[in-house]
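Single-structure report; data block below.
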Amino acid sequence: MTQEKAKLELRGNVYEIPVIEGTEKEVGLDISQLRRQSGAVTLDYGFVNTASCASSITYLDGEEGILRHRGYPIEELAEKLNFVEVAYLLVNGTIPTAEEKEEWSTLLNRHSLIHEDMRHFFYYYPEQAHPMAILSAMVVSLSTFYPELSQHRPDEPEEHINKAAARLISKLRTIAAFSYKKSVGQPFVYPRHDLSYCANFLNMMFSSPIHPYEMKPEIIKAMNTLLILHADHEQNCSTSTVRLVGSARVNLYASVASGICALWGPLHGGANQMVIEMLENILRDGGNISKTIDKAKSKDSEFRLYGFGHRVYKSYDPRAKIIKKACKEVLQATGTQDPLLDVAMELEEAALQDDYFVERGLYPNVDFYSGIIYQAIGIPKEMFTVMFALGRLPGWIAQWKEAREDDNFKIQRPRQIYVGPTLCHVDDSLR
Ligand code: SDX
């Protein structure tokens with residue numbers, strides 16, 4: 001909080017509004033007393049200009065294309081750490097020492113299995129069940145097997161929360177792989193303690209009793225990079241959902257299950273699946289890029305250029321840059337040529353030369369190239385948003401923890417501006 005005050009003049013009165021400044025000099029107006037002082041509330045569709053909290057987890061600068069977790073640039077984290085270390089950094093606030101990393105990995109391994117009874121849940125979903133529906137249902141079901149957090153105690157011991165965090169990070173990976181195996185009618189492959197987080201996931205996804213999966217270091221590195229790039233992104237739609245649900249003192253599992261549902265949306269994490277379908281349509285349509293560009297610009301259609309644009313980034317999403325580079329490395333490592341990559345690069349080039357996109361600051365976001373890598377690894381497009389959830393989980397947990405430990409903790413309950421009918425009465429003569 002600074003000593004600075006902003007002044008608001010409203011209907012002949014002047015109200016002083018405290019000014020706050022973040023560690024990166026972001027300026028905010030603290031309107032927590034506004035209604036008490038003036039009777040007025042603020043209206044901000046989509047919370048475009050509204051901060052819901054003060055947070056020390058992730059910093060974004062949309063104009064400069066900066067993304068940092070606990071102060072560390074995303075480029076360094078993606079280059080120098082693996083996903084398990086970044087998950088620890090987000091949840092605990094520091095990069096783990098060798099000893100802390102050993103403890104954390106042991107905890108993740110210890111909690112990598114799901115209760116055998118949960119295996120049966122998979123068999124009762126219809127064949128075409130979307131894995132995001134399964135993921136959310138399985139995560140909220142974990143709270144029935146591990147009730148220790150469901151007492152909603154504000155003073156829940158830290159070690160209970162850290163155990164639940166490790167349990168969730170490890171089990172979500174198992175649930176994701178099992179949902180894929182179920183969708184292809186193959187037997188589940190169990191996690192192994194001798195494999196790293198990403199190698200374990202790839203093994204559970206792609207090995208089978210008759211065909212061991214051939215681990216390639218480049219693919220394991222690409223998987224680590226993708227999960228790190230999705231790990232947190234301050235108050236995006238799904239993270240805000242986790243915080244909002246958590247603000248009612250809901251346990252971690254149920255709060256994360258709600259975040260999974262929000263992430264599923266095609267305007268959010270579901271965009272990575274929409275990008276591939278958009279690129280496939282362009283290819284089927286003879287590679288007609290300008291038709292897609294025109295459709296995306298038209299106000300007559302809901303169609304958007306998926307993987308383009310962002311609420312915060314009005315310049316290149318730093319994550320998209322890293323993923324685009326990794327695309328070429330993975331295609332080389334898997335010896336695959338993917339015509340969709342050529343279409344994607346042509347589409348990017350055409351859009352970035354089009355005034356409509358340039359004037360609105362619309363650039364490729366994290367979802368534009370990620371699907372091409374997932375596809376090259378062998379992950380089907382229905383699983384792309386599941387991969388996003390796997391990466392985002394440590395961020396959701398860190399933000400849920402930070403919210404419940406915040407001295408300003410309050411249940412989230414926005415106000416509204418009522419525009420409906422004024423007072424009226426039932427006309428008995430009409431009854
Ligand atoms: C993610 O918040 C996060 O951090 C999210 C995320 C994370 O890590 O959690 O980064 C992950 O969700 C990335 C975004 C994935 N979604 C998509 O790729 C879907 C396509 N993108 C758009 O729907 C849109 O850009 C959003 C949803 C991402 C952002 O929407 P905003 O901030 O509400 O912007 P807007 O809709 O007000 O757009 C401003 C203008 C509008 O035109 P005008 O009314 O000014 O004429 O830009 C246009 C929009 O029509 N526009 C697009 C467009 N995105 C915005 N036009 C065509 N194609 C697009 N992709």
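What you see below is based on every heavy atom in this structure, not just the backbone, and it leaves out hydrogens, waters and symmetry mates. Read the numbers this way: they start at 1 and go in the same order the structure lists the ligands and their atoms.
Taking distance alone, with nitrogen or oxygen atoms compared against 3.5 Å, Arg319 approaches ligand 1 more closely than that limit. Between Phe388 and ligand 1, a contact under 3.5 Å exists for no N or O pair. Considering backbone and side-chain atoms together, Leu305 places an N or O closer than 3.5 Å to an N or O of ligand 1. For ligand 1, the polar-atom distance check against Arg360 finds a nitrogen or oxygen pair separated by under 3.5 Å. Below 3.5 Å of separation, one finds an N or O of Lys299 facing an N or O of ligand 1.
Checking atom 26 (C) of ligand 1 against the protein gives no heavy-atom contact under 4.0 Å. Taking a distance limit of 4.0 Å, we find that atom 38 (O) of ligand 1 is approached by no protein heavy atom. Protein non-hydrogen atoms do reach within 4.0 Å of atom 32 (O) of ligand 1. Distances from atom 54 (N) of ligand 1 to the protein include at least one heavy-atom value under 4.0 Å. Counting protein heavy atoms under 4.0 angstrom from atom 9 (O) of ligand 1 gives one or more.
Gly46 does not count as a contact of ligand 1, since none of its heavy atoms falls under 4.0 Å from the ligand. The shortest heavy-atom distance from Tyr356 to ligand 1 is under 4.0 Å. The shortest heavy-atom distance from Asn365 to ligand 1 is under 4.0 Å. Residue contact annotation: Glu234 has no non-hydrogen atom under 4.0 Å from ligand 1.
Remark: the His69 side chain and the Glu234 side chain contain no N/O donor-acceptor pair separated by less than 3.5 Å. No hydrogens or angles considered: a donor-acceptor pair under 3.5 Å links the side chains of Thr97 and Glu100. Under 3.5 Å, the side chains of His268 and Ser238 contain a donor-acceptor pair of N or O atoms. In summary, the side chains of Asp44 and Asn49 do present a donor paired with an acceptor at a separation below 3.5 Å, with no hydrogens or angles considered.
For Tyr418, the OH atom counts as densely surrounded, since its 6.0 Å shell holds more than 12 non-hydrogen atoms of other residues, nucleotides or ligands.
Taking every non-hydrogen atom of Gly307 and a distance limit under 4.0 Å, the qualifying atoms of ligand 1 come out as 17 (C), 18 (O). The distance from ligand 1 to the heavy atoms of Gly309 drops below 4.0 Å at these ligand atoms: 25 (O), 28 (C). For ligand 1, the atoms sitting less than 4.0 Å from at least one non-hydrogen atom of Asn236 are 2 (O), 3 (C), 4 (O), 5 (C), 9 (O), numbered in the order shown with element in parentheses.
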| Trace of the ring-ring contact (aromatic ring centres under 6.0 Å, His included) decision for Phe178 with Tyr190 | CA-CA 9 Å; Phe178 280 14; Tyr190 280 69; 5.7 Å; yes
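Protein heavy atom in closest approach to atom 22 (C) of ligand 1: Arg304 NH1, 3.4 Å.
Both tests do not hold together for Lys182 against Phe122: distance to the six-membered ring centre under 6.0 Å, angle to the ring axis within 45°. Cation-pi check for Arg173 over Tyr197 is met; the charged atom lies under 6.0 angstrom from the ring centroid and within 45 degrees of its normal.
The six-membered or imidazole ring of Tyr363 lies away from that of Tyr313, with a centre-to-centre distance of 6.0 Å or more.
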